[in-house]
Amino acid sequence: MKLQFYNSVTSEKEEFHPISNKEVLVYGCGPTVYHSPHIGNFRTFIFYDLLNRVLVQNGYTVKNVINITDIDDKIIDRVNNEDIGFNDLTQKYERIFLEQSDFLSILPSTVNPRASEYVSEMIHFIKSLMDKGVAYNINGNIFFDTKEYSKYGKFVNIDDDSLSREDNELGKKHSNDFALWKAWKESDGEITWTSDWGNGRPAWHTECAVLGTQLLGESIDIHCGGIDLKFPHHENESAQVEALLENQFANYWLHAEHLIFDSEKMSKSLGNTLSVSDLLKKYSPETLRLFLLSSHYRSKVSFSDKKLDDSSKMIDKINRFVNNFDLATIDVQDIKYSSSHLAFLDALNDDLNTPEALGIFFDFINKMNKNINNESMTEALKAESKIFINLFNSIFSIINPSLSKKGSIPKNIQDLASLREEMRNKSDWNEADKLRRKIENLGWLIEDTKDGQKLIQKK
RNA sequence: GGCGUCGUACCCAAGCGGUCUAAGGGAUCGGUUUGCAAAACCGCUAUUCGUCGGUUCGAAUCCGACCGACGCCUCCA
């Protein structure tokens with residue numbers, strides 16, 4: 001199946017055709033660095049990673065940008081009300097974001113530009129919009145004039161100005177008009193930049209518009225973000241670029257649905273967030289990653305401990321399967337995809353259908369386990385398994401190869417295990433069982449197989 | 001108020017016009033196996049897809065109404 005994505009602009013799945021065959025250009029809206037990201041934020045970031053990996057799997061080279069929003073009301077608030085400097089605050093949370101991304105096996109982006117490092121470009125961009133007559137100045141605030149851009153409303157149906165419920169205290173001409181530049185206020189303190197129309201700072205929609213065009217160009221392939229950014233953020237972002245450059249900014253707009261907690265979306269402002277760092281105290285990064293990949297990116301997902309437990313069991317099952325093999329010794333001459341492999345790839349190419357792909361992988365595991373059970377594994381099937389395991393992991397990235405290495409079992413565990421083996425040989429079941437319990441309490445499970453004891457670290 | 005999305009077994013979750021008496025995971029209960037376990041395997045658990053109508057030779061899948069849940073329109077992944 002050819003790669004296809006659900007495009008939020010048309011509300012339909014569309015076959016993917018990149019602008020250039022050399023390199024696919026992808027922009028994803030990144031974090032605002034004023035707090036530790038929560039698991040809901042990472043649902044979107046893992047979706048970016050999935051997109052990236054599937055593009056690569058399809059043979060594309062990807063250039064992807066995930067920006068760091070470090071100019072923002074909440075950041076200014078914290079800097080002016082707490083004993084912390086602008087750079088200290090923003091770089092601290094930027095670092096946490098990058099560390100946790102790495103933890104969750106998110107491949108690094110090509111660039112993670114900071115908004116604050118492109119302010120002069122933003123000023124230039126805004127000036128061009130004013131020259132073009134699609135932006136106007138009210139007391140040092142610059143607004144985009146939505147009435148001067150006929151295509152406004154690509155993501156929503158708009159018939160009149162009733163769309164916006166916001167109070168128009170700044171004197172915008174039309175209620176859908178939005179800020180490109182916000183004039184300096186006393187509460188901004190020292191956080192300000194100088195422009196032709198006075199001190200102030202760029203507004204959010206302009207930040208992304210400029211970072212996208214600066215780093216990727218005037219036309220990009222895919223723009224993605226959380227569903228809450230669809231309107232107004234992406235509407236406003238694309239309006240600016242398209243009004244100025246008179247071309248289509250992004251060909252495909254993809255949006256990830258929300259993570260729900262207590263039947264509301266998880267968000268900082270609702271105060272119902274779960275930080276990744278807290279969750280990592282209880283669950284492995286692989287578990288979190290699989291949890292986020294085990295439902296489709298466009299469907300709402302409720303958070304629950306039960307689901308994380310289920311994910312953790314899935315990982316156990318996968319690892320047990322992988323542990324049947326000594327992958328390094330399986331010889332794979334030429335990689336030929338079987339029908340299972342192809343079904344897996346088709347599922348991913350069909351708008352990143354990870355749940356279906358997972359199902360196909362588990363089907364395969366069941367099939368192979370049967371073969372293992374009745375000792376009918378052939379070299380060809382082993383090779384097929386190895387190819388599938390690698391293929392699966394190149395997308396899901398939840399199999400930790402170190403778990404299958406013998407050397408990683410601590411000495412004291414190995415000693416207890418061999419003692420238990422001794423007791424078993426003497427048929428001293430009581431003592432053997434006592435040792436098994438002891439080993440379990442130390443975090444290792446024992447499975448007695450034909451080839452002797454097998455030790456597995458508990459997740 | 002305007003604009004959207006969703007409702008599949010005990011739980012989670014694919015399927016989006018025929019191969020669906022509905023994939024896959026978790027859970028339960030039987031069985032094979034095991035010193036006992038664990039794991040693995042086999043079997044059972046939705047003739048049914050929120051409800052009611054309609055279109056069609058044929059609908060979980062399309063259309064309409066209703067019920068229920070959620071999102072956006074304000075910062076938000």
Side-chain angles (χ1 to χ4, degrees), chain A residues 8 11 13 28-32 34-35 37-48 66 69 72-74 77 153 155-160 162-167 175-176 204 224-233 235 255-260 263-270 273 290-291 294-296 298-302 304 306-307 309-318 320-321 323-324 343 347 350 353-366 368-374 424 427-430 432-433 436-437 440 445-450 453-454 456:
Chain A
S8 292
S11 300
K13 279 189 204 169
C29 290
T32 303
Y34 75 104
H35 68 85
H38 55 75
I39 185 74
N41 296 323
F42 267 101
R43 181 175 190 201
T44 298
F45 302 143
I46 286 204
F47 152 67
Y48 294 171
I66 295 176
T69 301
D72 166 87
D73 287 351
K74 283 169 188 142
D77 259 20
F155 291 117
V156 280
N157 297 322
I158 304 174
D159 351 337
D160 56 37
S162 65
L163 192 68
S164 179
R165 300 187 312 197
E166 177 190 15
D167 292 335
S175 64
N176 288 330
W204 182 36
C224 38
I227 186 94
D228 49 350
L229 302 188
K230 191 158 95 172
F231 190 91
H233 183 237
E235 183 76 55
H255 292 103
E257 251 297 350
H258 282 310
L259 188 65
I260 307 293
S263 35
E264 279 179 315
K265 75 164 176 170
M266 187 178 286
S267 87
K268 200 75 185 161
S269 42
L270 292 169
T273 63
L290 183 59
F291 160 64
S294 58
S295 45
H296 188 90
R298 279 191 294 110
S299 60
K300 294 179 189 55
V301 171
S302 292
S304 76
K306 164 83 166 65
K307 287 191 196 176
D309 291 339
D310 286 354
S311 297
S312 162
K313 282 173 190 158
M314 278 192 229
I315 292 191
D316 288 344
K317 183 165 180 163
I318 292 168
R320 264 186 249 111
F321 172 68
N323 271 248
N324 284 310
D350 183 10
N353 195 335
T354 47
E356 191 180 334
L358 246 192
I360 291 162
F361 186 56
F362 274 108
D363 258 347
F364 180 80
I365 290 181
N366 291 150
M368 288 307 123
N369 275 337
K370 255 167 246 179
N371 286 320
I372 292 168
N373 249 20
N374 49 37
R424 290 186 71 222
S427 298
D428 187 348
W429 310 124
N430 238 319
D433 290 351
R436 179 165 63 196
R437 252 173 277 130
E440 275 181 27
L445 295 175
I446 290 193
E447 290 178 11
D448 293 324
T449 69
K450 279 192 294 296
Q453 293 181 320
K454 205 153 112 190
I456 296 152

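In the text below, chain A, chain B and the rest are named by the order of the sequence lines, each starting its count at 1. Computed from a prediction, not measured in an experiment: that's the story for all the values here.
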Out of B/C72, B/U5, B/C75, whichever nucleotide has its closest atom nearest the side chain of A/S269: B/C75
B/C63 versus B/G24 - spacing of their C1' atoms, nearest Å: 31 Å
Nearest-nucleotide pick for A/F231, side chain only, options being B/C73, B/C41, B/C70: B/C73
A/W429 backbone acceptor or donor facing A/R424 side chain under 3.5 Å: no
Any side-chain heavy-atom pair of A/S8 and A/H255 under 4.5 Å: yes
Aromatic ring pairing A/F42/A/F45, orientation class (parallel under 30°, perpendicular over 60°, tilted between): perpendicular
Any side-chain heavy-atom pair of A/I318 and A/F362 under 4.5 Å: yes
Upstream residue (5' side of RNA chain B) when A/D310 and A/D448 are each assigned their closest nucleotide: A/D310
Per-pair stack call A/F362 and B/G24, 5.5 Å, 30°: no
Whole-Å C1' distance, B/U5 and B/A46: 25 Å
Separation of B/G4 P from A/D228 CG (nearest whole Å): 19 Å
Pairwise P distance, B/C44 and B/A59 [rounded to whole Å]: 27 Å
Distance, P atom - from B/C52 to B/C16, rounded to whole angstrom: 24 Å
Distance, rounded to the nearest Å, where A/K306 contributes NZ and B/G25 contributes P: 13 Å
Nucleotide nearest A/K313 (side chain, heavy atoms from C-beta), chosen from B/C12, B/C42, B/G26: B/G26
Under-3.5 Å donor-acceptor pair between A/R436 side chain and B/C36 base: yes
Distance, rounded to the nearest Å, where A/N366 contributes CG and B/A39 contributes P: 14 Å
A/N353 vs B/G15: side-chain N/O to OP1/OP2 distance below 4.0 Å: yes
Identity of whatever pairs with B/C10 - Watson-Crick or G-U, under 3.5 angstrom: B/G26
Under 4.0 angstrom between A/S299 side-chain N/O and B/A14 OP1 or OP2: yes
Atom P, compared across B/U55 and B/C12: separation rounded to whole Å: 35 Å
Audit row: A/D448, A/I446, side chain to side chain contact (heavy atoms under 4.5 Å, CB included) steps and yes/no: CA-CA 6 Å; A/D448 293 324; A/I446 290 193; 3.7 Å; yes
Side chain of A/R320 - closest among B/C36, B/A77, B/A39: B/A39
Pairwise P distance for B/A65 and B/C3, with rounding to whole Å: 13 Å
